[in-house]
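The next block holds one structure in the form of structure tokens; read it before the comments.
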Protein chains: 2
Amino acid sequence: MDERVEKTPDTTLHHRILADVENRILSGEWPPGHRIPFEHEFTQQYGCSRMTVSKALGDLVRRGLIERRRRSGSFVAYPQVQSAVLEIQDIRHEVEALGLAYAWRPQGRTLRVARAEDRNRLDLPPRARVLAVTGCHYAGRRPFCHEDRLISLRAVPEAENEMFDDNIGPGTWLLRKVPWSAAENRISAVSAEPEIAATLGIAAGTACLVIERRTWTADQHITQVRLTYPGDRHQLVAAFTPSQSS
Amino acid sequence: MDERVEKTPDTTLHHRILADVENRILSGEWPPGHRIPFEHEFTQQYGCSRMTVSKALGDLVRRGLIERRRRSGSFVAYPQVQSAVLEIQDIRHEVEALGLAYAWRPQGRTLRVARAEDRNRLDLPPRARVLAVTGCHYAGRRPFCHEDRLISLRAVPEAENEMFDDNIGPGTWLLRKVPWSAAENRISAVSAEPEIAATLGIAAGTACLVIERRTWTADQHITQVRLTYPGDRHQLVAAFTPSQSS
DNA sequence: AAGTGGTCTAGACCACTTT
DNA sequence: AAGTGGTCTAGACCACTTC
């Protein structure tokens, strides 16, 4: 009680408010459905302005811990949907982060007018031209992941002259060439087909983790890729409610 | 230019700023590394205060589209890590959302002092008591997902008297009993073992999607669960850069 | 030394929703 | 009708970083 302990904030005020409320929720002191204090009550308790409280509570909404309703107040949310954050790296970085040498070895490269199957993967207009690329990513000497990719030449015309041979995979190449994009990932499990199994050096039928990703910019689809990982060697980790925000 | 067109904002100002910047980035007009205008330039352009600009740019940082550095400015980020948002539902809701009847059928229930294997799954002190539960979730008449769960009786003592028989799976039960929690998910692919394959009605060795989830509250571990989905029937969808925020 | 973003204030008006 | 949260302002001080 003596000595000005207030000297070292060491953290921001809105972060302290956020952490305090979060602890009360995670400890069970404030169960789901519980009405937490109003903004003006927090301002009194912490001796701060409404905006500071508002920022903290807004972050809690973003994390899914509370819901806010006008005229009613703010309530602890019922945890029905867990929105987890999944970090998806570029494969080159993924491999190098493991301390292994990265390599890309191309297998096939086909230029063609989009078939019905292609247009299904990429949502293209009729007669659009696409580039289909297959190959394998290596971590050290072991196959790491098989790639089967479709690139829209309308979105990335430069790809037509690119051979993807000198250890630069199409994913890495596109990352440099196409400025920014949004994506959707679908994750599933499949039994490896014979050709892919041979590439990966596993028995046909082995369970594999498959990530299918569609990527687009503001107005058009760029690429669709099907990445096949040997299931027993790869794990995706998604942490829910990470400790950081703001 | 005539008529006050300013009448209908129809959206908030900070959201308009955010959308404008996002479009410039996704269209490629502002490539990675590009320095975007300073806050005070935005305030002039939009005729607003700094806090409004700050909120918009802060949201863009959260989405991973820009990075901000003091004294230097704000820059379009290099898209190396895609942090995708994965929505993980309670299985009951997942099934009912498909318009199918949900059912839970228990298979095994064992009360025991934690073995080494159990303590590895749940990070418990020696001699802690745990409840192991196995069973299957059904969508309509078809098996939907096999569950293999470990519950810490230290964290949830009431579970000792719970039988999990009347269509309330342990996940749903825990969701009601334990107020709020954080979790970590690990996603991988495995070949179905004979017993699980029999439960799911698939051939042994079929590729399955496995989600392993550990859940804890502020201070202690609650439960660990291993969910096995038939790989060809289930997909996880993770959207990157969703259109909403704030 | 100067300029950036990070934080915060003490107000204000408004939209929405429940009473 | 009243009270909540949502948005916004026009300032302010500070920390950090590059100059």
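Residue numbering restarts at 1 for every chain, and letters A, B, ... go by the order of the sequence lines. Because only heavy atoms are used, hydrogens play no part in the values below, and waters and symmetry mates are left out as well, while side chains stay in.
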A/H40 NE2 to C/dT9 P, in whole Å, measures 17 Å
message: Below the 4.0 Å mark, does D/dG5 have OP1 or OP2 next to a side-chain nitrogen or oxygen of A/S74?
response: yes
With the side chain defined as heavy atoms from C-beta on, A/T12 is closest, among C/dA10, C/dT7, D/dG6, to C/dT7
note: A/E41, atom CD; D/dT4, atom P; distance rounded to Å ~ 8 Å
Kindly indicate, with the supporting measurements, whether the criterion side-chain contact (heavy atoms from CB on, under 4.5 Å) is fulfilled by A/E212 and A/V210.
CA-CA 6 Å; A/E212 289 178 302; A/V210 171; 4.0 Å; yes
Look at the rings of B/F144 and B/H234 and say which category their plane angle falls in: under 30° parallel, 30 to 60° tilted, over 60° perpendicular. perpendicular
From CZ of B/R16 across to P of D/dT7 the rounded distance in Å is 15 Å
Out of D/dC8, C/dT7, D/dG6, minimum distance to the side chain of A/H14 belongs to C/dT7
Side-chain N or O of A/K55 closer than 4.0 Å to phosphate OP1/OP2 of C/dT7:
yes
In whole angstroms, the gap separating P of D/dG11 from CE of A/M51 amounts to 17 Å
Taken to the nearest whole Å, CG/B/D59 to C1'/C/dG6 is 15 Å
* Is the B/W104-B/Y138 ring centre distance short of 6.0 angstrom? -> no
| field | Cation-pi geometry met for B/R69 and B/F75 (6.0 Å, 45°) | value | yes
Exercise for the section: Examine D/dT9: is either OP1 or OP2 under 4.0 Å from a nitrogen or oxygen in the side chain of B/T52? Give yes or no. Expected result: yes
Looking for any heavy atom pair under 4.0 Å, which part of the strands does A/L13 touch: base, sugar-phosphate only, or nothing? sugar-phosphate
Out of D/dC8, D/dG6, C/dG5, minimum distance to the side chain of B/S49 belongs to D/dC8
Side-chain N or O of B/R70 closer than 4.0 Å to phosphate OP1/OP2 of C/dG3:
no
Paired to C/dG3 by Watson-Crick or G-U wobble criteria (both distances under 3.5 Å) is D/dC16
Review point. Hey, does the side-chain of B/R71 have a donor or acceptor N/O within less than 3.5 Å of a partner on the base of C/dA2?
Key: yes
Is B/R50 side chain donor-acceptor paired with the D/dA10 base, going by distance under 3.5 Å alone? no
Atom CZ of B/R68 and atom P of C/dT7 are separated, to the nearest Å, by 10 Å
Contacts of A/R69 and A/C48 projected onto DNA chain C by closest heavy atom; the upstream (5') one is A/C48
Rounded to whole Å, the CD-C1' distance (B/E67 to D/dC16) equals 16 Å
Separation of D/dG6 atom P from A/L57 atom CG, nearest Å, is 9 Å
Measuring only between side-chain heavy atoms, which start at C-beta, is A/W216 closer than 4.5 Å to A/D123? no
